[in-house]
Amino acid sequence: MMESVKQNKMKKVAIIGGGIVGATAAYLLSKNSNYVTTLFDSGKGQATKAAAGIISPWLSKRRNQQWYALAKDGAAYIDDLAQETQMTADTYLQSGTIVTRKRSADLDELEQLALKHRQTAPEIGEIQRVSAEEIQSLLPLVTADLEGIFVSGGARIDGNNFVNHLVKLGEKNGLRFVHAEVQLKDEQTVLVNEKLENFDFVLVCAGAGIKRLLSPLNYEVRVHSQKGQLIELKVPAYSNDVSAPVLMPEGEKDFMPVGNGQLIIGATHENNPENTTAFTDSALHELLTSAIRIDSRLSEKNLVANRVGMRAFTDDFAPFFGWLPDSQHIMVASGLGSSGLTTGPLIAKLMVSLIETPNHFSNYQKEISNYIHKKG
Ligand SMILES: Cc1cc2nc3c(=O)[nH]c(=O)nc-3n(C[C@H](O)[C@H](O)[C@H](O)COP(=O)(O)OP(=O)(O)OC[C@H]3O[C@@H](n4cnc5c(N)ncnc54)[C@H](O)[C@@H]3O)c2cc1C
């Protein structure tokens, strides 16, 4: 009897989308005994699993202060979450990042920016100007002559391992995971495998899929899709050292040795692609030629895999999250763009807090009505 009374008080939550936002929200809700949570994921076009996984927002040139606050606090939160859930190095690792500049005046400017940001973001860690020789000692196969700034707090995530880890922990706490593409029939009803299910709250964490999900409810969502492709190379001679830093060379693709001879090169940024899912020859050419400019010994023979994902982005390249305008049941998050692994876990945490306490988080974002409105 007591048990059924308790269950009646529990709120049913549906999360649509098991990328980094949905998986983190699902894990966090699974720890709260006030909620019974179901996570639906179609597994199609997920950005999280395709992503390079670089967490290093402090040296970005972006001027949007709300985005920077979200990314800086997001990077700090990921570290907390990784410790809380005991993530292993193949899921989250503080490897350090090196950002290069060709002109020494630009390098001075970057170093000043890093030092300024460290005042409010101690997570950036040690800041060090590195010469070509020092870069080559950290990344022995780099043949290009590069100079940069090393920050020890930079990290990398394996998106696939990250979401799988959180979903697995969530399932241990009672999370229900359903692998299916779903539709929203009204604010509280989800159509899944031809059956209707009712929920108290629905969290739409569907990345680029948000438009399609909300269109039947008469919402217009101003998000666009951008295709991102990257390649994985196997370089037997490459260091087995899993802790090698991520290299972000100016004007080139990011260069990420992740241990065991695996090297990730990425990513492309393609607006309005003709084909949203296929890996293309032009991407291979763009990525490989960039990689070869960094390590002249690489070739197509090293290629072992590719990844393709769709980023959702907004007109001002800023993410949005919160209650859908005019709704008490649906919350949304999208538009995380090319830094969503950095901001996604914090966005999920803030969404979960919004279920219990109203807030807008204006330090992190503009009004949601800038991105979504009800038609007619
Ligand atoms: C190639 C590439 C490289 C990137 N590199 C980085 C990086 O280095 N650092 C960084 O911070 N960010 C990076 N990003 C950006 C980051 O990956 C994304 O911003 C972030 O993963 C978005 O997370 P999300 O949870 O919002 O969406 P997603 O990861 O796209 O997840 C949305 C999920 O919703 C599901 N879904 C959609 N519609 C439905 C439906 N109707 N029913 C059921 N499920 C549905 C999809 O299948 C998908 O699994 C990169 C992205 C790409 C593509």
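Whatever order the structure lists ligands and atoms in, that order sets their numbers, starting from 1. None of these values were measured; they are calculated from a predicted model.
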One pair to check against side-chain hydrogen bond (donor to acceptor under 3.5 Å, both in side chains): E147 and S104. What are the steps and the verdict?
CA-CA 8 Å; E147 278 184 83; S104 94; over 6 Å; no
Does ligand 1 have a heavy atom under 4.0 Å from the side chain of A180, from its backbone, from both, or from neither?
backbone
Side chain, backbone, both or neither: which part of A267 has a heavy atom under 4.0 Å from ligand 1?
side chain
Show me which atoms of ligand 1 lie under 4.0 Å from any heavy atom of G19.
25 (O), 29 (O), 31 (O), 33 (C)
Proximal atoms of ligand 1 relative to L336 (non-hydrogen, under 4.0 Å)
19 (O)
Does NZ or CZ of K11 come closer than 6.0 Å to the centre of the six-membered ring of Y35, within 45° of the ring's axis?
no
Below 4.5 Å, heavy atoms only, C-beta onward: do W58 and V99 meet side chain to side chain?
no
For a side-chain hydrogen bond (donor to acceptor under 3.5 Å, both in side chains) check, start with the C-alpha distance between N359 and T357, then their side-chain angles and the critical distance, and finish with the verdict.
CA-CA 6 Å; N359 202 334; T357 317; over 6 Å; no
Of the backbone atoms (N, CA, C, O) and the side-chain heavy atoms from C-beta on, which set of T268 has a member under 4.0 Å from an atom of ligand 1: side chain, backbone, both, or neither?
neither
Hey, is CZ on R297 packed in by over 12 heavy atoms from elsewhere, all under 6.0 Å?
yes
With atoms numbered from 1 as shown, which atoms in ligand 1 lie under 4.0 angstrom from a non-hydrogen atom of G228?
1 (C)
What do we get for C205 next to ligand 1 when only non-hydrogen atoms under 4.0 Å count, side chain, backbone, both or neither?
backbone
With a 4.0 Å cut-off on heavy atoms, is G43 in contact with ligand 1?
yes
Using a 4.0 Å cutoff against the non-hydrogen atoms of G309, which atoms of ligand 1 qualify?
53 (C)
Considering both backbone and side-chain atoms of G22, is one of its nitrogen or oxygen atoms within less than 3.5 Å of a nitrogen or oxygen in ligand 1?
no
Enter the distance from K72:NZ to T343:OG1 here, rounded to the nearest 0.5 Å.
14.0 Å
Going by heavy-atom distance to atom 10 (C) of ligand 1, choose the closest among A25, S338, S42, A51.
S338
Nearest neighbour of atom 19 (O) of ligand 1 from the list G18, A52, G337, on a heavy-atom basis
G337
Pair H165 and Y92, ring centroids less than 6.0 Å apart
no
So is there a nitrogen or oxygen of M310 less than 3.5 Å from a nitrogen or oxygen in ligand 1?
no
Would a 4.5 Å heavy-atom cut-off, applied to side chains only, mark R101 and E109 as touching?
no
Closer than 4.0 Å to some heavy atom of S339 - which atoms of ligand 1 meet that?
10 (C), 11 (O), 12 (N)
Numbered atoms of ligand 1 (with element) below 4.0 Å of I20, judged on heavy atoms
23 (O), 25 (O)
When the ring planes of F320 and Y371 are compared, do they come out parallel, tilted or perpendicular, using 30° and 60° as the limits?
parallel
Which ligand 1 atoms are under 4.0 Å away from a heavy-atom of I54?
7 (C), 8 (O), 9 (N), 10 (C), 11 (O)
Name the atoms and distances for all side-chain donor-acceptor pairs under 3.5 Å in residues 14-28, with sequence neighbours left out.
from: T24; atom 1: OG1; to: I20; atom 2: O; distance (Å): 2.6
from: Y27; atom 1: OH; to: E84; atom 2: OE2; distance (Å): 2.5

Would you say S60 and W67 are linked by a side-chain donor-acceptor pair, where the criterion is simply a distance under 3.5 Å?
no
Where ligand 1 meets I16 - atom numbers and elements under 4.0 angstrom, heavy-atom basis:
40 (C), 42 (N), 43 (C)
Using a 3.5 Å cut-off on N or O atoms only, is L213 in polar contact with ligand 1?
no
Which residue from R311, Q183, K44, H179 reaches closest to atom 2 (C) of ligand 1 through any of its heavy atoms?
R311
Salt-bridge criterion met for D108 and R129 (N-O under 4.0 Å):
yes
Option whose closest heavy atom lies nearest to atom 40 (C) of ligand 1, chosen from L191, T24, V182, T48:
V182
